[in-house]
Amino acid sequence: MHLFLYGPPGSGKSTIGRLLAERLQLPFLDLDARIEAAAGMPIRDIFATAGEPAFRQREADALREAAAGRPSVIGLGGGALLRPENRALAEATGTILCFEADLATLERRVARAPGTRPLLNTAAPADPAAPAQPPKGKPLAQLLAERQTHYGSFPHRVTVSDRPP
């Protein structure tokens, strides 16, 4: 059985996942990192070149592969379980811990890596020589509002606001 870590962007799935895996003496798999390695490019570039549906298919494929492997702690992207079939697979092969944090905490954490989350309108540091680009994605508050019911539907939730890993 696996332990799946899920929740909104910036909730600490990768950071906590590594620590938890070490304590449980299990491997840690970061699903987004696996997708990037297989694609040979960052997720933001997958979104830019192939679009969100293609990314979501890669995500579903990576989840199936990870779920078929040996017991692990698996960090999932913030939308990985939006597809009912992905959620059903995770529930059938392990336990899902859904991380929750307040908006201010998430915004602070997401701001540490601008431009890396394609669904959010966080911009990478501007190149003064490049033409101005409009912000992409949507505000984190909007994404959270859209997914509030979804994230709240998981029975095992952990509050991670302003708490050290």
Side-chain angles (χ1 to χ4, degrees), residues 1-22 24 26-101 103 105-106 109-110 113 115-122 136-161 165:
M1 295 295 278
H2 302 288
L3 181 57
F4 294 98
L5 306 182
Y6 190 54
S11 59
K13 301 174 295 281
S14 296
T15 301
I16 294 169
R18 286 182 187 88
L19 295 169
L20 190 56
E22 184 178 317
L24 295 173
L26 291 171
F28 174 68
L29 304 174
D30 182 313
L31 206 65
D32 285 349
R34 289 186 122 194
I35 294 165
E36 288 179 337
M41 66 177 80
I43 288 173
R44 69 176 176 270
D45 292 348
I46 298 170
F47 268 75
T49 60
E52 185 176 359
F55 168 76
R56 294 294 176 200
Q57 186 57 53
R58 288 175 186 258
E59 185 176 58
D61 295 343
L63 178 60
R64 273 193 306 281
E65 181 182 312
R70 63 184 267 223
S72 303
V73 175
I74 302 173
L76 302 172
L81 302 182
L82 290 169
R83 282 187 174 183
E85 61 271 22
N86 289 355
R87 181 174 180 163
L89 176 62
E91 290 173 335
T93 59
T95 299
I96 302 165
L97 292 182
C98 189
F99 293 170
E100 299 176 324
L103 180 60
T105 297
L106 296 173
R109 292 175 182 172
V110 167
T116 61
R117 300 170 195 268
L119 290 179
L120 301 178
N121 68 357
T122 59
K136 295 181 179 179
K138 58 183 81 173
L140 181 56
Q142 181 182 343
L143 185 75
L144 289 177
E146 291 171 0
R147 295 182 180 174
Q148 179 179 10
T149 301
H150 172 69
Y151 289 140
S153 70
F154 291 89
H156 305 293
R157 294 192 303 272
V158 179
T159 301
V160 295
S161 293

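Values below: all heavy atoms of this structure, side chains included; hydrogens, waters and symmetry mates excluded. Just so it is clear, the structure is predicted and the values come from calculations on it, not from any experiment.
For Tyr6, the ring pair (Phe, Tyr, Trp, His ring centres under 6.0 Å) test picks out His150, Tyr151, Phe154, with sequence neighbours left out. Applying the side chain to side chain donor-acceptor pair (under 3.5 Å) criterion to Ser161, with sequence neighbours excluded, gives Asp102. Under the side chain to side chain donor-acceptor pair (under 3.5 Å) criterion, Ser153 pairs with Arg87, sequence neighbours left out. Taking the side chain to side chain donor-acceptor pair (under 3.5 Å) definition, one finds that Glu36 meets it with nothing, sequence neighbours left out. In terms of the side chain to side chain contact (heavy atoms under 4.5 Å, CB included) criterion, residue partners of Thr15 (sequence neighbours excluded) are, by chain and number, Pro165. Contacts of Leu89 classified as side chain to side chain contact (heavy atoms under 4.5 Å, CB included), with partners at least two apart in sequence or in another chain: Leu63, Arg64, Ala67, Thr93. The side chain to side chain contact (heavy atoms under 4.5 Å, CB included) search around Arg34 returns Leu29, Glu65, Ala66, not counting sequence neighbours. With sequence neighbours excluded, the residues forming a side chain to side chain donor-acceptor pair (under 3.5 Å) with Asp30 are Ser14, listed by chain and number. In this structure His156 satisfies the ring pair (Phe, Tyr, Trp, His ring centres under 6.0 Å) test with no other residue, sequence neighbours excluded.
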Distance-only check: which donor-acceptor pairs under 3.5 Å involve side-chain atoms of residues 69-83, not counting sequence neighbours?
residue	atom	partner	partner atom	Å
Ser72	OG	Arg70	O	2.9
Arg83	NH1	Gln57	OE1	3.4

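Of the possible donor and acceptor atoms, none in the side chain of Thr105 sits under 3.5 Å from a partner among the backbone N and O of Ala101.
Separation of atoms CG (Leu140) and CD (Gln142) is listed at 10.5 Å; rounding is to 0.5 Å. Between the CD1 atom in Ile35 and the CE atom in Met41 there is a gap of 12.5 Å [rounded to 0.5 Å].
Counting heavy atoms from C-beta on, the side chains of Leu20 and Leu5 come closer than 4.5 Å. Two residues are said to be in side-chain contact when any heavy atoms from C-beta on lie closer than 4.5 Å; Leu97 and Phe4 fail this criterion.
A salt bridge (charged side-chain N to carboxylate O under 4.0 Å, His left out) with Glu100 is found for one member of Arg157, Lys13, Arg147 and no other, namely Arg157.
Pairs engaging residues 49-80 under the ring pair (Phe, Tyr, Trp, His ring centres under 6.0 Å) rule: Phe47-Phe55 [sequence neighbours left out]. Pairs engaging residues 63-89 under the ring pair (Phe, Tyr, Trp, His ring centres under 6.0 Å) rule: none recorded [sequence neighbours left out].
Contact record, Ala21 with Phe28: CB-CB, 3.6 Å, taken as the closest heavy-atom pair. Counting all heavy atoms, side chain and backbone alike, Ser11 lies closest to Val160 at O-CG2, 3.3 Å. Leu106 and Pro9 get closest at one heavy-atom pair: CD2-O, 3.4 Å.
Atom CD of Glu22 sits in a sparse spot, with 12 or fewer heavy atoms from other residues, nucleotides or ligands closer than 6.0 Å.
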